Amino acid sequence: MLDHHPENNSDINEIYKKLEAELASIDPGCVACGTCCSFDEFDHVLYASTIETDYIRKNVEVPSFDPDKNICPFLINSQCSIREHRTLGCRVFFCNPDYKEKAQDIYNKYYTMIKDLADNNGVEWLYAPMLKQLKNV
Ligand code: SF4
Ligand code: SF4
């Protein structure tokens, strides 16, 4: 369990809240089916920052998982089991191609906010595949 920076907990929460409010105005038609959390199926990689994976670890237990399967360990019965704590990358990914450009702009904005938070709190910035971050405890 990593808990180097408990003071960041509310700050990152605030950033996620703002992000959710902004995303709500987009309404890309995500039905939360969880398919995109099977990374091979979507042929994509979910990246996350250390400050975000620390936040997840602080709030939930990470189930043991096999990284070779390339499925998020928090996907349970095709649903995200940590929606309150999921990462920026989880939140801004939409399979609907019509939202790709808009989502990218929002992603860039909040990526910068999260990086600033890490910098301001002296948290080393590492942005790497989430499964790798979760294994590197
Ligand atoms: S973005 Fe698409 S694939 Fe992912 S949960 Fe939403 S509807 Fe399902
Ligand atoms: S944390 Fe949740 S939304 Fe993100 S990849 Fe895992 S199951 Fe999907």
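Quick note: residue numbers are just sequence positions, from 1. Each ligand, and each atom within it, is numbered from 1 in the order the structure gives. Because the structure is a prediction, the values reported are computed rather than measured.
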Please determine if atom 2 (Fe) of ligand 1 has an N/O/S atom from C33 lying under 2.8 Å away. no

Relative to the ring of F39, is the ring of H44 parallel (under 30°), tilted (30 to 60°) or perpendicular (over 60°)? tilted

Which of parallel (below 30°), tilted (30 to 60°) and perpendicular (above 60°) describes Y47 and Y127? parallel

Under 4.0 Å, heavy atoms only, figure out whether ligand 1 is touched by the backbone of P28, its side chain, both or neither. neither

So for atom CD, which belongs to E101, do other residues, nucleotides or ligands contribute more than 12 heavy atoms lying within a distance under 6.0 Å? no

Centroid-centroid under 6.0 Å between Y16 and Y110 rings: no

Validation row, ring centre F42 to ring centre F93 under 6.0 Å: yes

Can you name the atoms of ligand 2, numbered from 1 with element, that are less than 4.0 Å from a heavy atom of [X]?
X	value
I82	1 (S)
L46	5 (S)
C90	1 (S), 3 (S), 4 (Fe), 5 (S)
C37	3 (S), 5 (S), 7 (S), 8 (Fe)

Sub-4.0 Å atoms of ligand 1 with respect to non-hydrogen atoms of F42: 3 (S)

Assess C36: does it contribute an N, O or S atom lying under 2.8 Å from atom 8 (Fe) of ligand 2? no

Donor-acceptor pair, side chain of N121 and main chain of V123, under 3.5 angstrom: no

Hey, does [Y] have a side-chain heavy atom less than 4.5 Å from the side chain of [X]?
X	Y	value
I114	E52	yes
L75	S38	yes
L19	V92	yes

Residue and atom name of the nearest protein heavy atom (relative to [atom]), distance in Å to one decimal:
atom	value
atom 1 (S) of ligand 1	C95 N, 3.4 Å
atom 6 (Fe) of ligand 2	C72 SG, 2.3 Å
atom 7 (S) of ligand 1	V31 N, 3.5 Å
atom 2 (Fe) of ligand 2	C80 SG, 2.3 Å

Any idea which part of T87 is under 4.0 Å from ligand 2, heavy-atom wise: side chain, backbone, both or neither? neither

